[in-house]
Amino acid sequence: MLDLTFLEENQISGKNALKIFKVIGTKCKHSDFSILLGGHADFELNGWWWTKTSDGDDDARAVNYDGCIVFNVVPTRDVSARPASSYSKIVSITSNKVRGSDGLLRVEYGEYPQTIAEESLQKTLESQLPTLKKTGKIYTTDSAKTGAFVKEEYVEYEYSGKKYIRIIGDDRNEDQTLSNGQKVKKGQAYWVSVEPIRWIVDEEADIMITENILFAGVRFNDISNYQGDFNQVVIKKFMDSFVTKEIEPLEYCNTKSNNNSGEKRPSRQTRLEKMNPDTTEPENRRKMTYTELIHNWIEGGESVLLRGPSGIGKTERIKSLYPDLVYLKLVNNMFPEKVLGTMNLQTGEDIPPNYVKQLILSCATEEEKKLVATSIQNIYKVADTVYERSQKEDKKQVLLLDELLNVRASIQSLVYTLVLNRLIEVGSGLNLPKNVVIVATGNQKKFSSAAEDLVLPLEKRFDHILDMEPRVGEWLYEYAIPNHVHPVVKNYILGKYIESNKSEKQEDMGYFYEDPEIGEKKLDKNNCRGKTNDPRGWVSVSTALYNFEKNLKAGKYIGKDVEYLLKMNLSTKLREEWANNFYQFYNIPVVNVEDVIGKKYREEDLPQDSNERFACLTSLLLANEEQVDACRDFIREYCDKEYLTLYELTWMGDNEERMKKIIELRELDHWKTESLAKEGGMKR
């Protein structure tokens with residue numbers, strides 16, 4: 001472990017100065033982490049850094065922005081640390097040794113938070129904070145603005161193979177400029193990359209010092225009483241207690257053997273790590289969507305109860321996964337025989353409910369179906385044969401019990417044996433095929449005045465109970481795009497989603513979904529409960545737009561105020577503020593396909609902001625296969641790469657021919673780029 005210290009004044013300037021400073025001078029730039037911890041920097045990001053030389057009057061000497069050595073009072077927190085140490089102690093384990101053109105040796109040893117991440121990456125990290133993997137390592141600083149040391153810890157996270165810490169801007173660093181040009185704002189989160197520490201080495205003196213200022217915010221000493229005993233001051237004790245340990249790479253910290261031989265000891269593997277053949281880096285693995293979770297459970301033969309608000313796609317999700325499912329809608333006034341079956345009073349024959357007949361016959365052979373057609377009583381014989389055969393059947397059949405939570409306990413009890421044993425107690429009893437999986441849906445009481453509590457014995461019989469919440473991203477990519485929701489609706493939602501940094505928090509997605517209780521609080525002019533947004537409502541808006549546009553183009557609204565009609569269409573489906581907001585987005589002046597093909601646009605027609613870019617993207621989705629290349633070029637030039645990717649994805653949808661067209665155009669782009677690069681090389 002390093003023994004970190006500061007240099008003496010005479011090692012930095014004067015005739016006995018180290019070769020390092022004679023070659024590169026004494027100015028030193030801050031790391032971004034140092035600025036965020038309160039180190040003040042000039043416009044070139046140079047900062048003040050401590051020496052360990054006393055000024056002879058209770059304070060210490062420091063190097064200022066200009067590289068001059070001046071005195072500074074030791075209780076200050078904005079003068080920073082540029083640690084030094086002996087090189088020979090760690091020479092065998094340093095890496096990336098490079099001798100520059102200036103003759104100085106530079107090496108890497110240890111790691112520490114240093115450089116601010118790009119703003120786009122910061123947004124990504126912030127949005128994924130709850131799911132980011134923690135490495136187990138922390139970095140300690142002083143959070144006190146006045147008074148004695150108060151420990152503050154920053155957790156290290158992994159993302160895409162790199163490490164980061166998160167720090168919040170405060171009074172210490174407000175309005176300071178970071179290396180990426182960002183101004184530090186109080187209360188804003190910043191993400192700093194953990195990187196190898198670069199040291200400059202004076203081999204003759206056996207000293208190495210950090211190339212940049214490493215940290216700030218820690219006082220040199222509590223009070224102005226420094227007489228030159230550096231081992232007793234606050235900042236030295238801080239480095240000994242925290243920094244020297246925290247700069248050690250995590251793999252070094254965890255690989256010391258018990259006998260301190262330095263041999264690498266393999267890390268212990270968890271049960272999951274031993275079983276999982278996945279070689280994808282953990283930080284690159286994504287969370288499964290609701291649809292993927294549900295599909296995984298059903299394919300494993302596990303029953304599922306989906307709970308959640310109306311309109312978020314519980315039933316539609318199951319229908320999209322299993323279009324041939326058997327559907328049983330439960331209502332309070334239904335006859336029990338619809339669930340349990342009945343008896344023919346004239347013949348005394350037991351008659352199974354229709355959904356059971358469907359499930360059994362869907363697995364029956366043609367001969368077995370004919371047998372049941374001659375007499376319903378033969379279904380008992382067929383059911384046993386089907387049951388035995390279905391034990392080897394991989395393909396799952398879904399029985400969907402819709403609105404299970406919207407019926408009274410007496411109706412819920414009808415399906416108890418069905419869920420528990422997949423058995424119908426009619427006559428001698430009918431076993432459902434072994435590959436049948438039961439899925440149920442319903443609303444919690446919070447979302448429906450008609451909702452009931454699920455009777456406890458039945459609740460215990462479901463393998464999984466999933467409380468679903470609306471998710472914008474899943475709706476866009478799993479439903480809206482493949483189901484051809486109107487392009488303006490898709491891009492309106494997508495634009496709002498991106499503006500919120502792809503937040504799935506309830507408070508950030510009012511444009512997409514609002515709890516019913518929000519509508520209850522916002523009564524309309526007639527004192528009626530206000531409308532609220534939900535995914536089903538946006539599908540309804542999509543349908544209305546398609547119909548409106550079809551009739552508009554067919555001339556059915558000649559002489560009519562079409563703006564009024566469109567606003568009325570929207571006001572019947574969305575709360576007033578969202579209806580107005582969506583109308584403004586829909587009606588933004590845009591460049592259309594014909595304008596692009598004929599180059600009939602002026603500079604003032606070009607999209608000016610994100611809303612206009614999304615609106616333009618929507619307009620150009622009407623391009624056919626011959627027009628799409630020109631539209632791609634327009635978006636590439638007047639929007640940016642992100643919009644081009646979204647345009648291609650939305651234009652393709654699930655159309656295989658369009659997918660091939662985009663692949664062909666991308667390959668052509670690549671070929672053009674390579675050709676231009678070769679041409680440029682030949683000219684040079």
Side-chain angles (χ1 to χ4, degrees), residues 291-306 314-330 334-344 347-404 411-442 458 461-464 466:
T291 305
E292 289 172 324
L293 284 171
I294 295 164
H295 187 247
N296 176 65
W297 291 331
I298 292 174
E299 289 301 301
E302 301 167 74
S303 58
V304 186
L305 168 61
L306 305 179
K314 299 184 296 297
T315 302
E316 284 300 321
R317 206 175 299 253
I318 303 302
K319 287 181 177 178
S320 68
L321 287 171
Y322 298 92
D324 298 326
L325 61 78
V326 174
Y327 182 81
L328 177 62
K329 186 175 178 66
L330 302 174
M334 74 189 307
F335 294 111
E337 51 264 35
K338 290 209 69 172
V339 179
L340 303 176
T342 187
M343 176 187 288
N344 186 322
T347 64
E349 291 179 335
D350 295 309
I351 303 173
N354 189 56
Y355 71 91
V356 173
K357 183 179 174 181
Q358 282 181 264
L359 288 167
I360 293 172
L361 292 184
S362 66
C363 298
T365 64
E366 289 303 316
E367 291 75 14
E368 289 166 341
K369 290 176 183 177
K370 290 176 183 177
L371 189 62
V372 173
T374 61
S375 171
I376 190 63
Q377 295 307 294
N378 289 330
I379 198 167
Y380 290 93
K381 185 187 298 183
V382 169
D384 290 338
T385 305
V386 166
Y387 180 81
E388 291 301 321
R389 190 166 62 237
S390 67
Q391 296 193 58
K392 298 177 182 179
E393 178 63 59
D394 290 329
K395 184 179 177 181
K396 302 301 178 187
Q397 287 193 91
V398 169
L399 170 59
L400 180 61
L401 305 177
D402 203 17
E403 305 293 1
L404 177 61
I411 303 297
Q412 291 179 14
S413 65
L414 298 177
V415 299
Y416 177 77
T417 304
L418 178 66
V419 175
L420 175 60
N421 297 320
R422 285 183 292 198
L423 172 71
I424 296 297
E425 295 173 320
V426 57
S428 57
L430 280 171
N431 282 310
L432 299 183
K434 189 71 174 175
N435 61 329
V436 169
V437 180
I438 295 174
V439 179
T441 66
L458 184 55
R461 298 308 173 187
F462 281 98
D463 294 312
H464 301 282
L466 179 61

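In this chain, numbering begins with 1 at the start of the sequence shown.
Qualifying salt bridge (charged side-chain N to carboxylate O under 4.0 Å, His left out) partners for K369, counting only residues two or more places apart in sequence or in other chains: E366. Y387 is linked by a side chain to side chain contact (heavy atoms under 4.5 Å, CB included) to Q391, N431, K434, counting only residues two or more places apart in sequence or in another chain. Considering only residues two or more places apart in sequence or on other chains, E393 meets the salt bridge (charged side-chain N to carboxylate O under 4.0 Å, His left out) condition with none of them.
Here L325 contributes atom CG and L400 contributes atom CG; the two are 5.5 Å apart, rounded to the nearest 0.5 Å. Residue T365 holds its OG1 atom at 9.5 Å from NZ of K370, rounded to the nearest 0.5 Å. The CG atom of L361 sits 5.0 Å away from the CD1 atom of I379 when rounded to the nearest 0.5 Å. Between the CD1 atom in I294 and the CD1 atom in I318 there is a gap of 4.5 Å [rounded to 0.5 Å]. Atom CD1 of I411 is separated from atom CG of L330 by 8.0 Å, given to the nearest 0.5 angstrom. Going from atom CZ of R389 over to atom CD of E368 covers 4.5 Å, rounded to the nearest 0.5 Å.
Within the structure, no pair that satisfies the salt bridge (Lys or Arg N to Asp or Glu O under 4.0 Å) test touches residues 349-364, not counting sequence neighbours. Applying the salt bridge (Lys or Arg N to Asp or Glu O under 4.0 Å) test to residues at least two apart or on different chains, none of the pairs has a partner in residues 422-433. Legend: salt bridge (Lys or Arg N to Asp or Glu O under 4.0 Å) pairs involving residues 317-326, not counting sequence neighbours, sorted by first then second residue: R317-E474, R317-E478.
Checking Q397 against S362 by side-chain atom types alone, a donor-acceptor pair falls below 3.5 Å.
Residue Y355 comes nearest to V339 through the heavy atom pair OH-O, 2.8 Å, listed as atom of the first residue, atom of the second, then distance. Closest heavy-atom contact between L371 and T374: O-OG1, 2.5 Å. The heavy-atom pair separating V382 from A364 by the smallest distance is CG1-CB, 4.3 Å.
Using a distance-only test at 3.5 Å, with no hydrogens or angles considered, a donor-acceptor pair links the side chain of N435 to the main chain of K395. Remark: the backbone N or O of D463 is paired with a side-chain donor or acceptor of S303 at under 3.5 angstrom. When atom types are taken as modelled, the side chain of Y380 and the backbone of L430 share no donor-acceptor pair closer than 3.5 angstrom.
Side chains of W297 and L466 form a contact here, defined as non-hydrogen atoms less than 4.5 Å apart. Side-chain contact between P352 and I424 is absent, with no heavy atoms from C-beta onward closer than 4.5 Å. With contacts defined as side-chain heavy-atom distances shorter than 4.5 Å, the pair I360/P433 qualifies.
V436 pairs with exactly one of V398, L359, V326, V356 by the side-chain contact (heavy atoms from CB on, under 4.5 Å) rule, that one being L359. For the side-chain contact (heavy atoms from CB on, under 4.5 Å) criterion with L458, the lone passing option out of L404, L418, L305, L420 is L404. Each of L340, L401, I438 was scored for a side-chain contact (heavy atoms from CB on, under 4.5 Å) with V415, with one residue passing: L401.
Atom NZ of K396 has more than 12 neighbouring heavy atoms from other residues, nucleotides or ligands inside a 6.0 Å radius.
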